[in-house]
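Computed from a predicted structure; not experimentally measured.
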Amino acid sequence: MLDHADLTRRLADLVVEYGANVQPGQVLAVTTYVGKEALTREVARAAYERGARWVDVFTFDPRVKRERLVHADESTLDFVPQWMIDRLEWLSDEHGARISLNGPADPEALAGVDPARAGRDLLPYLPNTSDVINRGTTNWCVAPAPTLGWARLVYPDADPAEAYDRLWEEIAHVCRLDEPDPADAWQARAQQLEKTADRLTERRFDAIRLRGPGTDLTVGLLPSSNWHAGNSTTVDGLRYFPNVPSEELFTAPDPTRADGYVTATRPLEVYGAMIDGIRVEFEGGRAVEVDAERGAATLRSIAAKDDGAARLGELALVDGEGRIGALGTTFFETLIDENAASHIALGSAYEHCVDTEADRARVNRSRVHVDFMIGSPELEVDGLGADGTAVPILRAGTWQI
Ligand code: ZN
Ligand code: ZN
């Protein structure tokens, strides 16, 4: 029997201290879900111990979302209460900290709901989220919070209590809670990844080509596209780690140059809906054909949200040294699964991934950001020069540069 209370405490400490790096006197906003109360309370404890001025908890109930998706008038499904948008603006004005406790809290909540309707209600994700992120005013962290429902989804054949134990065990492992000092272990991994990111940036590739089973995609980069590991700095110079766990190197591509096709190597859960067997074709940067074995309508409705939703905002590479890919588990949670494999994202880009004003004006903009995983050990990644010469970057999960 695992000591869930102890793991919950350790995870909360890691997220508050290392992840969001909550400062004395700061307001901390927590977005959480019904079923995640234990971790939410430990996060509040850790934040107040660090001297937080106020911990502002917003608890979302997927079963209430279900009632809306089933019964509300279709024309109202895009409605977002103004106060939710204002709360995020307030946090930005306050230079507050933000923590989101992710992981499908209650995956059965949206079972049987019309996927096209589900794609119209993105709450609790807010339309001004990427705006606030790009302002760099808040130090934030997204971290996983295990629930019984999530455990049943990941290990459908195990007895529920055993499934819950296994989920905790694997989450503890991928979050490095089994290290004597998890924050130290993450600092060391981040340093190693940052060095590789710097080497990639120095090469100034014109494009990146990804080839693997069902995938052959060339993604153009902008002249000042730079590669980042999972750390960030606020406008106030505060260093934080937006994702726990994080094993990826990512950049902002040229939204007008993506050509070829990709096949997702893992299923994903987007805004409460399941999408599996994704195949997308790109032409001139645009997703011109979006298919999926399951949830295709949801994905198409997301890709039609606005012009940028059908273009790429992120290209991320993941090596074979991370702890997530090695497990072979699909968590149905992008935060974790995206770190198992190289991925691309439709929608908004991270502006700090380019250096010049001219490129900042060119990066992709959208109200959505949806990552899907196209990486596998078979994925071959090459950097292309402007003259088309190819330099190997990743082979069998190992860096070649
Ligand atoms: Zn990513
Ligand atoms: Zn992403």
(request) Measure from the side-chain N and O atoms of H369 to the backbone N and O of S348, and report whether any donor-acceptor pair falls under 3.5 Å. (result) yes
(message) Looking at G375, is its backbone amide N or carbonyl O close enough to the side chain of T265 to form a donor-acceptor pair, meaning the two atoms are under 3.5 Å apart?
(response)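 Checking the backbone N and O of G375 against the side chain of T265, a donor-acceptor pair under 3.5 Å is found.
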(message) With a 3.5 Å distance limit and no angle check, can you tell me whether D276 reaches the backbone of G295 through a side-chain donor-acceptor pair?
(response)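 Such a contact is absent between D276 side chain and G295 backbone.
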(message) Surrounding CD of Q187 (heavy atoms of other residues, nucleotides or ligands, distance under 6.0 Å), is the total greater than 12?
(response) yes
(message) side chain to side chain contact (heavy atoms under 4.5 Å, CB included) for N231 and Y240? Distances and angles first, verdict last.
(response) CA-CA 6 Å; N231 65 300; Y240 66 100; over 6 Å; no
(message) Whether the S224 and D359 side chains hold a donor-acceptor pair (N or O, under 3.5 Å, no angle test) is what I'd like checked.
(response) yes
(request) Measure across K65 and L122 and return the closest heavy-atom pair with its distance rounded to 0.1 Å. (result)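 Heavy atoms only, the tightest pair is NZ-C, 4.1 Å.
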(message) Could you check, using the six-membered ring where one of them is a Trp, whether Y18 and F241 have ring centers closer than 6.0 angstrom?
(response) yes
(message) Distance alone, cut at 3.5 Å: any donor-acceptor contact between the side chains of E170 and T329?
(response) yes
(request) Return yes if some donor-acceptor pair links the side-chain N/O of E333 with the main-chain N/O of G103 below 3.5 Å, else return no. (result)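 Yes; at least one donor-acceptor contact below 3.5 Å.
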(message) Just by distance, no angles: are the side chains of D306 and S366 close enough, under 3.5 Å, to form a donor-acceptor pair?
(response) yes
Validation: residues 51-59 side-chain donor-acceptor distances under 3.5 Å, sequence neighbours left out:
{"unit_1": "R53", "atom_1": "NE", "unit_2": "G25", "atom_2": "O", "d": "2.9"}
{"unit_1": "R53", "atom_1": "NH2", "unit_2": "E94", "atom_2": "OE1", "d": "2.9"}
{"unit_1": "W54", "atom_1": "NE1", "unit_2": "D56", "atom_2": "OD1", "d": "2.7"}
{"unit_1": "D56", "atom_1": "OD2", "unit_2": "R87", "atom_2": "NE", "d": "2.8"}
{"unit_1": "D56", "atom_1": "OD2", "unit_2": "R87", "atom_2": "NH2", "d": "3.2"}

(request) Please check if the side chain of T76 supplies one atom and the backbone of D73 the other of a donor-acceptor pair under 3.5 Å. (result)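 Flag set: sc T76 to bb D73 pair under 3.5 Å.
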(request) Check whether any side-chain heavy atom of L346 sits under 4.5 Å from a side-chain heavy atom of I302, and report yes or no. (result)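 They are not in side-chain contact.
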(message) Ring centroids only, cut at 6.0 angstrom: are Y350 and H228 within range, meaning strictly under it?
(response)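 No.
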(request) Compare all side-chain heavy atoms of T147 with those of D106 and state whether any distance is below 4.5 angstrom. (result)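 SC-SC contact between T147 and D106 ruled out.
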(request) Check R203 against V391 and note the closest heavy-atom contact, atom names and distance. (result)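 R203 and V391 have their closest heavy atoms at NH2-CG1, 3.7 Å.
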(message) Could you check whether any side-chain N or O of Q23 sits under 3.5 Å from a backbone N or O of N21, counting only pairs where one atom can act as donor and the other as acceptor?
(response) yes
(message) Can you confirm whether the side chains of T138 and R98 place a donor and an acceptor under 3.5 Å from each other?
(response) yes
(request) Please confirm whether the backbone N or O of A163 pairs with a side-chain atom of R152, one donor and one acceptor, at under 3.5 Å? (result)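 Here the side-chain-to-backbone pair does not exist.
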(message) Donor-acceptor check, side chain of S225 to backbone of L221, threshold 3.5 angstrom: yes or no?
(response)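 Not a single qualifying donor-acceptor pair exists.
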(message) Within the 3.5 Å criterion, strictly below it, is a donor on D165 or H4 matched to an acceptor on the partner's side chain?
(response)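 On atom types as modelled, these side chains qualify, holding a pair under 3.5 Å.
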(request) Would you confirm whether S342, through its side chain, and L317, through its main-chain N or O, come within 3.5 Å as a donor-acceptor pair? (result) no
(request) Flag the pair D307 and R365 as a salt bridge only when some basic side-chain nitrogen lies within less than 4.0 angstrom of an acidic carboxylate oxygen. (result)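 Here D307 does not pair with R365 in a salt bridge, since their nearest N and O are not under 4.0 Å apart.
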(message) Testing L238, D236, N139, T234 one by one against H95 for a side chain to side chain contact (heavy atoms under 4.5 Å, CB included), which residue passes?
(response)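 It is D236; the other options fail the test.
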(message) Please give me the minimum heavy-atom distance between P245 and I324, naming the atom from each residue.
(response)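 So the two residues come closest at CG-CD1, 3.7 Å.
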(message) If I compare all heavy atoms of V22 with all of A97, which pair ends up nearest, and what's the gap?
(response) CG2-CB, 4.0 Å
(message) The test is salt bridge (Lys or Arg N to Asp or Glu O under 4.0 Å); show your working for D131 and R367 and say whether it passes.
(response) CA-CA 9 Å; D131 237 37; R367 284 189 295 152; over 6 Å; no
(request) Answer yes or no: is there a donor N or O on one side and an acceptor on the other, between the side chain of T215 and the main chain of R211, under 3.5 Å? (result)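 No, T215 side chain to R211 backbone: no donor-acceptor pair under 3.5 Å.
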(request) Taking all heavy atoms of A287 and all of V280, pick out the closest pair and write down the distance. (result) CB-CG1, 3.6 Å
